[in-house]
Student: 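Please find one structure pasted underneath; my questions will follow.
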Number of protein chains: 2
Amino acid sequence: MRIGELAARAGTTTRTLRYYEARGLLPARRSGNGYRSYDEGDLRLLRQIRTLQDFGFDLEETRPFVECLRAGHPEGDSCPASLAVYRRKLDELDALIGELAAVRAKVGEQLARAESARERLAAEAEVPGGPEPECELGGAGL
Amino acid sequence: MRIGELAARAGTTTRTLRYYEARGLLPARRSGNGYRSYDEGDLRLLRQIRTLQDFGFDLEETRPFVECLRAGHPEGDSCPASLAVYRRKLDELDALIGELAAVRAKVGEQLARAESARERLAAEAEVPGGPEPECELGGAGL
DNA sequence: CTAATCCTTGACCCCGACGTCAAGGAAAGA
DNA sequence: TCTTTCCTTGACGTCGGGGTCAAGGATTAG
């Protein structure tokens, strides 16, 4: 199978396949006319790469899985190196999710604070002779 | 205050300040010799930008906050446009955290599956005359 | 024969937020 | 005066994962 067909069957582009080859991730045999030649095994490797990419793994992280398959193992994650990548990824995800949750909490806090400040101002505008802005109750200094 | 001092006081670099100016985010007055000249107000704007950047806001998203402060409001989030950015950010964060949690779950699942597969193989190796690999019990076909 | 696809390599473009280097002017201390 | 340090602008590099030409060779359909 040539590059166009493999790309189509994997739902990707020829550019992507050449890029993978340039990275040494998915080298191709060549037929007599210089065209790249792939087989079903290559399709399998490619699908492994794409699946992990969809999970947010970067290209280098997919390498152990690809090499594992190429070594004849039944699955890309049949090798210890692949499992190590899984574990590292889980740690990264946990850390990232934790950070994002913390940011989310802070932003939510800021929004609530800013909204209530606006409500206060609106209420004061409603009652013109009403409450004067009391010092040091909500103003961060200049 | 000149660019180096402002950068130092905000814990950033002169390159960053020139970049912000080029983006129209933090324009600078100029003193007679052509040097950029900043005041305490600029430091405040800069700190607002940096705080939001630390939260993962991109530069354009900080613009409403900066303009709000420059318009004389007490806080960068005293304006509706800033609140809108907060809300949009919360939605983005929720979506992202959700996606990451889903990926985390899938990766965790894959890891568990791959680990148990390895344990099975190890157990079979322990008992040489033991269980033959039973077809269609765990093998995704080639 | 010619046109239409497919293939090849090479090379530049994109995004965001700067880092880094270069060439030269200005200010400040010894 | 000399040296060091700070300032100016301009321009290119970085990173990841490719997109998008361009020029030319191979193959196939009509």
Side-chain angles (χ1 to χ4, degrees), chain A residues 1-39 42 45-66 85 88-89 92-93 96 100 103, chain B residues 1-39 42 45-66 85 88-89 92-93 96 100 103:
Chain A
M1 143 177 51
R2 294 181 305 184
I3 194 171
E5 185 181 347
L6 178 60
R9 288 181 63 184
T12 183
T13 67
T14 61
R15 176 69 179 92
T16 295
L17 297 188
R18 293 195 190 97
Y19 179 67
Y20 291 172
E21 183 175 13
R23 304 276 85 198
L25 202 59
L26 191 63
R29 267 80 44 197
R30 300 295 178 124
S31 48
N33 53 16
Y35 287 12
R36 290 173 178 81
S37 175
Y38 303 91
D39 59 20
D42 292 318
L45 300 185
L46 180 52
R47 288 195 166 135
Q48 173 76 80
I49 297 171
R50 301 263 65 182
T51 300
L52 295 173
Q53 284 269 88
D54 289 346
F55 282 175
F57 288 54
D58 53 51
L59 269 189
E60 279 313 306
E61 290 175 325
T62 73
R63 198 179 292 273
F65 295 81
V66 174
V85 173
R88 193 155 43 76
K89 207 67 192 177
E92 284 177 22
L93 284 168
L96 182 54
L100 290 176
V103 168
Chain B
M1 167 176 27
R2 295 180 305 184
I3 194 171
E5 186 183 345
L6 178 61
R9 289 181 63 183
T12 183
T13 68
T14 60
R15 178 69 181 92
T16 296
L17 298 188
R18 293 195 191 97
Y19 178 68
Y20 290 173
E21 182 175 13
R23 303 276 87 198
L25 201 59
L26 191 64
R29 267 82 40 196
R30 299 298 178 122
S31 49
N33 53 15
Y35 286 12
R36 289 174 178 81
S37 175
Y38 302 91
D39 58 20
D42 292 318
L45 300 184
L46 179 52
R47 287 196 166 134
Q48 173 75 81
I49 296 172
R50 301 263 58 174
T51 299
L52 295 174
Q53 284 270 90
D54 290 345
F55 282 175
F57 287 54
D58 52 52
L59 269 191
E60 280 312 309
E61 289 176 325
T62 72
R63 198 180 290 275
F65 295 80
V66 175
V85 173
R88 193 153 44 76
K89 209 66 191 177
E92 284 176 22
L93 283 168
L96 182 54
L100 290 176
V103 168

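Within every chain, numbering begins at 1; the chains are lettered A, B, ... in the order of the sequence lines, protein sequences first and strands thereafter. Note that the structure is predicted; figures quoted are calculated from it, not measured.
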Student: At under 4.0 Å, does any side-chain N or O of A:T13 touch on OP1 or OP2 of D:dG19?
Tutor: yes
Student: To the nearest Å, how far apart are B:Q53 CD and C:dG16 P?
Tutor: 12 Å
Student: Please determine which of A:L46, A:L45, A:T12 meets the side-chain contact (heavy atoms from CB on, under 4.5 Å) test together with A:Y20.
Tutor: A:L46
Student: It should be established whether B:N33 places a side-chain nitrogen or oxygen under 4.0 Å from OP1 or OP2 of nucleotide C:dA27.
Tutor: yes
Student: For B:R15 and D:dT14, what is the distance between atoms CZ and P respectively, to the nearest whole Å?
Tutor: 15 Å
Student: Any Lys/Arg nitrogen of A:E5 or A:R2 sitting under 4.0 Å from an Asp/Glu carboxylate oxygen of the other?
Tutor: no
Student: The side chain of A:Y19 lies closest to which of these nucleotides: C:dC18, C:dT9, D:dG18?
Tutor: D:dG18
Student: Between C:dG25 and B:Y35, counting only base atoms on the nucleotide and side-chain atoms on the residue, is there a donor-acceptor pair under 3.5 Å?
Tutor: yes
Student: Find the distance B:Y38:OH to D:dT8:P and express it as a whole number of Å.
Tutor: 7 Å
Student: Distance check needed: D:dT8 P versus B:R18 CZ, whole Å only.
Tutor: 5 Å
Student: Name the closest nucleotide to the B:T16 side chain, picking from D:dG18, C:dG16, C:dC18.
Tutor: C:dC18
Student: Roughly, in whole Å, what's the span from CZ in B:R50 to P in C:dA17?
Tutor: 10 Å
Student: Roughly how many Å is it from CG in B:L26 to P in C:dA17, rounded to a whole number?
Tutor: 15 Å
Student: Starting at atom CZ of A:R2, determine the distance to atom P of D:dT27, rounded to an integer number of angstrom.
Tutor: 9 Å
Student: Which nucleotide in the set C:dA17, D:dT8, C:dT9 lies at the smallest distance from any side-chain heavy atom of A:R30?
Tutor: C:dT9
Student: Identify whether the distance between the nearest side-chain nitrogen and carboxylate oxygen of A:E60 and A:R63 falls below 4.0 Å.
Tutor: yes
Student: What's the CG-P distance between A:L17 and C:dT9, to the nearest Å?
Tutor: 13 Å
Student: Identify the residue among B:V66, B:L25, B:L52 that makes a side-chain contact (heavy atoms from CB on, under 4.5 Å) with B:L59.
Tutor: B:L25
Student: When you measure from the side chain of B:D54 to the backbone of B:T51, do you find a donor-acceptor pair of N or O atoms at a distance under 3.5 Å?
Tutor: no
Student: Of the options D:dT8, C:dA26, C:dC18, whose atoms approach the side-chain atoms of B:Y20 most closely?
Tutor: C:dC18
